[in-house]
Amino acid sequence: MSTIAENIAKVRARIREAAQASQRDLTTVGLLAVSKTKPAAAIRQAHAAGLRDFGENYLQEALAKQTELTDLDLIWHFIGPIQSNKTKLIAEHFDWVHSVDRLKIAERLAAQRPANLPPLNICLQVNVSGEASKAGCQPDELNALAQAVTQLPQLHLRGLMTIPEPTEDPAAQHAALARLRELRDGLNLDLDTLSMGMSQDLEAAIDEGATWVRIGTALFGARDYGQAH
Ligand SMILES: *Cc1c(COP(=O)(O)O)cnc(C)c1O
């Protein structure tokens with residue numbers, strides 16, 4: 001087995017145990033492999049080990065890998081910060097966008113999603129930790145944003161996403177992740193998705209209702225930002 005295949009088996013075991021401990025149906029927890037900074041060959045190995053969903057943060061890097069991997073049946077998720085001038089290519093080349101945090105970006109994605117493709121799956125990114133530097137809309141802006149996004153053509157609002165302040169304290173992990181679930185429930189929209197949980201906090205995330213855990217390091221190893229970014 002490749003290292004990546006071994007890592008996938010370990011992460012799957014963590015997900016399975018967490019789902020069991022939280023009495024959740026395992027089929028409701030998706031594993032999104034975060035492949036940013038990793039080569040197309042790593043995605044190919046992960047695909048061979050059964051993964052289909054891949055998350056990328058940097059548009060040009062993602063497009064280059066997509067070009068190398070057109071022979072595979074992959075589902076592409078954009079999970080990084082979005083500048084306005086990137087929306088057209090994101091709308092054309094991804095199946096999901098997890099990081100929509102303002103209406104202008106949603107409007108551009110809606111207008112630029114090609115008519116021959118299914119609606120783009122959207123999560124609204126929410127800043128649940130209140131750090132000034134982090135992306136994501138504020139909780140008090142969420143309701144207006146969500147209502148507006150549901151009105152846009154060619155988008156399917158699926159749910160919410162968050163990147164909480166990193167902490168190893170399980171109580172603090174739970175508090176931030178529970179907040180996202182409560183915000184979702186408070187919207188009174190038919191939202192089936194909570195994109196939360198990374199390598200460090202996937203157990204807490206599954207316990208709080210995550211439907212996508214976004215896992216990079218635990219699958220592909222530590223990232224080297226030396227050259228590209
Ligand atoms: C990099 C990244 C991840 C993966 O984080 P790990 O700690 O490496 O598992 C998940 N979500 C987002 C939005 C990321 O940018």
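Because the structure is a prediction, the values reported are computed rather than measured. Only heavy atoms go into these numbers, but all of them, side chains included; no hydrogens, no water, no symmetry mates. Just so you know, ligand 1 is whichever comes first in the structure, and atom 1 is the first atom listed for that ligand.
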Quick test: of every protein heavy atom, which one is nearest to [atom], and how far off is it to 0.1 Å?
| atom | result |
| --- | --- |
| atom 9 (O) of ligand 1 | Ser199 OG, 2.5 Å |
| atom 11 (N) of ligand 1 | Arg214 NE, 2.9 Å |
| atom 1 (C) of ligand 1 | Lys36 NZ, 1.4 Å |
| atom 5 (O) of ligand 1 | Met198 CE, 3.6 Å |

Is the contact between Thr217 and ligand 1 made by the side chain, the backbone, both, or neither, using heavy atoms and a 4.0 Å cut-off?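 Contact part for Thr217 vs ligand 1: both backbone and side chain.
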
Taking non-hydrogen atoms only, is His98 closer than 4.0 angstrom to ligand 1 via side chain, backbone, both or neither?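 Neither; no heavy atom under 4.0 Å.
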
Which of the atoms of ligand 1 are close to [X], meaning less than 4.0 Å from one of its heavy atoms?
| X | value |
| --- | --- |
| Ile163 | 13 (C) |
| Asn57 | 14 (C), 15 (O) |
| Ile79 | 11 (N), 12 (C), 13 (C), 14 (C) |

Is there side-chain contact between Glu208 and Leu194, with heavy atoms separated by less than 4.5 Å? no

Assess the side chains of Asp169 and Gln173: does a donor N or O sit below 3.5 Å from an acceptor N or O? no

Would you say ligand 1 has an N or O under 3.5 Å from any N or O of Ile215?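 No; the residue has no nitrogen or oxygen that sits under 3.5 Å from a nitrogen or oxygen of the ligand.
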
Would Gln200 count as a polar contact of ligand 1, with the cut-off being nitrogen or oxygen pairs under 3.5 Å? no

Geometric class of the Phe94/Trp76 ring pair [parallel <30°, tilted 30-60°, perpendicular >60°]: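 Rings of Trp76 and Phe94: perpendicular, over 60°.
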
Parallel, tilted or perpendicular: ring planes of Trp96 versus His77, cut at 30 and 60 degrees: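 The arrangement is parallel - the two ring planes meet at less than 30°.
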
Is there any salt bridge (charged side-chain N to carboxylate O under 4.0 Å, His left out) pair reaching into residues 7-30, and which pairs are they, with sequence neighbours excluded? Arg14-Glu203

Test Val97 against every option in Thr87, Leu124, Ile82, Ile105 by the side chain to side chain contact (heavy atoms under 4.5 Å, CB included) rule and name the one that passes.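 Of the listed options, the one satisfying the test is Ile82.
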
Pair His174, Asp201 - check side-chain hydrogen bond (donor to acceptor under 3.5 Å, both in side chains), show working. CA-CA 9 Å; His174 277 273; Asp201 61 355; over 6 Å; no

Between atom CZ of Arg184 and atom CG of Asn188, what is the distance when rounded to the nearest 0.5 Å?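 Spacing of CZ (Arg184) from CG (Asn188) equals 11.5 Å.
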
